[in-house]
Each structure stands twice: as structure tokens, then as C-alpha cells.
Amino acid sequence: MSPVLSVRRAGAEDAAAVRALTRAAYAKWVPVIGREPTPMTGDYARIVQTDPIDLLLADGALVALVWMVQHPDHLLIENLATAPAYQGRGYGRRLLAHAEAFANRLGLPEMRLYTNRLFTANVELYLRCGYRIDREEAFWGGVKVHMSKPTAPPAPV
């Protein structure tokens with residue numbers, strides 16, 4: 001039987017769970033790049049107060065999250081993370097679509113995100129979801145891949 005999925009906005013009471021899920025999701029990349037990826041070091045007690053972080057729940061349990069930052073001309077996905085036990089079930093794609101719908105409601109024409117070039121599974125996922133590589137830049141001894149995707153135009157009324 002499929003789990004009941006729901007999405008809700010994180011609040012101050014969720015900061016510890018957001019940090020724990022993020023650290024667990026990114027832990028596999030530490031040996032790949034030789035350091036903790038930036039999302040593992042976030043001050044989520046502050047971030048949940050300033051930026052929208054939406055939580056994906058499966059039967060009430062936190063399984064994935066998306067941290068979004070609104071800019072005048074785009075919505076930046078700062079962090080997309082799925083708990084290791086739930087990876088490969090489409091939850092990341094579901095939250096990408098959720099973020100795109102949020103951008104549409106805000107009237108923003110573009111989605112942006114970035115990832116480490118060595119996170120090949122992530123780059124491949126974003127490409128499959130319609131993102132394009134805009135540029136690459138040196139970052140902490142590695143390469144940051146900047147990607148974007150136009151949002152769908154609002155449906156006519």
C-alpha cells in the first residue's frame with residue numbers, strides 16, 4: 001500500500017529534524033569531496049525563520065525537504081534532500097515539482113539550483129527533470145554546477 005504523502009511548511013519546532021535529515025542525506029558525499037557539503041553546516045534554527053523549507057511527509061514521517069530562496073527573477077532551490085532510507089522513490093522529483101508550482105504562484109519565471117559536479121546522480125536527476133547546465137565555477141577545491149529551468153507559464157483563466 002502506498003504511503004499517504006503530504007507537504008507542510010517547516011517551523012521553528014522542525015529545525016532539528018531538518019538538520020538531521022539534511023546531514024543524513026548528504027553524508028554519502030563526504031568521502032567523495034573530502035568535506036561536509038555546505039547544506040550539512042546550515043543553521044537551520046535561523047533558516048526556518050527566514051526562508052521557506054517545505055517538508056514531505058509519508059504517513060506523517062519526514063522523508064524529504066526542499067529549502068527555497070525567493071529572488072526577484074527566480075526561485076533558488078538551496079537544498080533538496082531525501083532521507084537515505086527513502087531515496088529512489090521519486091520524492092526528490094515530487095519536491096522539485098512542488099517548488100516549481102510555488103515559483104509559479106509567486107509569478108517567478110525561472111527555477112535555479114546548484115550542486116557539486118561530483119554529485120553525478122544529482123546532476124543527472126536535475127537534467128532528467130528539465131534543468132539545463134548554465135555554468136560551472138570553482139568552489140572549495142571542486143566545481144559547482146549552476147542549473148536552471150523556466151517555470152511553466154500560468155494556465156489561462
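When reading the values below, keep in mind they use all heavy atoms of this one structure, side chains included, and skip hydrogens, waters and symmetry mates.
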Decide whether [X] and [Y] are clustered together by the hydrophobic rule: side chain heavy atoms of Ile, Leu, Val, Met, Phe, Trp, Tyr closer than 4.5 Å, transitively.
| X | Y | answer |
| --- | --- | --- |
| Leu108 | Tyr114 | no |
| Val63 | Val7 | yes |
| Leu125 | Leu21 | no |
| Leu80 | Ile33 | no |
| Val66 | Ile53 | no |

Salt bridge (charged side-chain N to carboxylate O under 4.0 Å, His left out) partners of [range], not counting sequence neighbours, each pair once:
| range | value |
| --- | --- |
| residues 107-120 | Asp73-Arg112, Glu110-Arg112, Glu110-Arg132, Arg117-Glu136 |
| residues 44-54 | Arg9-Asp54 |
| residues 138-147 | none |
| residues 79-88 | none |

Does [X] reach the side chain of [Y], with side-chain heavy atoms less than 4.5 Å apart?
| X | Y | result |
| --- | --- | --- |
| Leu65 | Thr22 | yes |
| Val123 | Thr120 | no |
| Pro37 | Asn116 | no |
| Leu76 | Met68 | no |

Checklist entry - Got a sec, which residues hit side-chain hydrogen bond (donor to acceptor under 3.5 Å, both in side chains) with Gln70, two or more places apart in sequence or on another chain? => result none
Pairwise distance [atom1]([X]) to [atom2]([Y]) - rounded to 0.5 angstrom:
| X | Y | atom1 | atom2 | value |
| --- | --- | --- | --- | --- |
| Leu113 | Cys129 | CG | SG | 9.5 Å |
| Arg35 | Thr38 | CZ | OG1 | 5.0 Å |
| Arg8 | Leu56 | CZ | CG | 11.0 Å |
| Glu36 | Thr41 | CD | OG1 | 7.0 Å |
| Asn122 | Tyr26 | CG | OH | 7.0 Å |
| Thr115 | Ile77 | OG1 | CD1 | 11.5 Å |

Checklist entry - Of all residues at least two apart in sequence or in a different chain, which pass the salt bridge (Lys or Arg N to Asp or Glu O under 4.0 Å) check with Glu78? => result none
Item to check | Those residues that, when tested against Glu137, pass salt bridge (Lys or Arg N to Asp or Glu O under 4.0 Å) (two or more places apart) | outcome: Arg135
For [X] and [Y], work out which heavy atoms get closest and say how close.
| X | Y | result |
| --- | --- | --- |
| Ala12 | Gln49 | CB-NE2, 2.9 Å |
| Ala10 | Val18 | CB-CG2, 4.3 Å |
| Arg19 | Gly42 | NH1-O, 3.8 Å |

Checklist outcome for this item: Besides Val143, the hydrophobic cluster formed by Ile, Leu, Val, Met, Phe, Trp and Tyr side chains linked at under 4.5 Å, directly or via other members, contains none
Checklist entry - Which residue pairs pass the ring-ring contact (aromatic ring centres under 6.0 Å, His included) test when at least one of the two sits in residues 29-69, sequence neighbours left out? => result Trp29-Phe119, Tyr44-Trp67
Please list every donor-acceptor pair under 3.5 Å in which a side-chain atom of residues 83-96 meets a protein atom from a residue at least two apart or in another chain.
unit_1, atom_1, unit_2, atom_2, d
Gln87, OE1, Lys28, NZ, 3.1
Gln87, NE2, Thr82, O, 2.8
Arg89, NH2, Ala85, O, 3.2

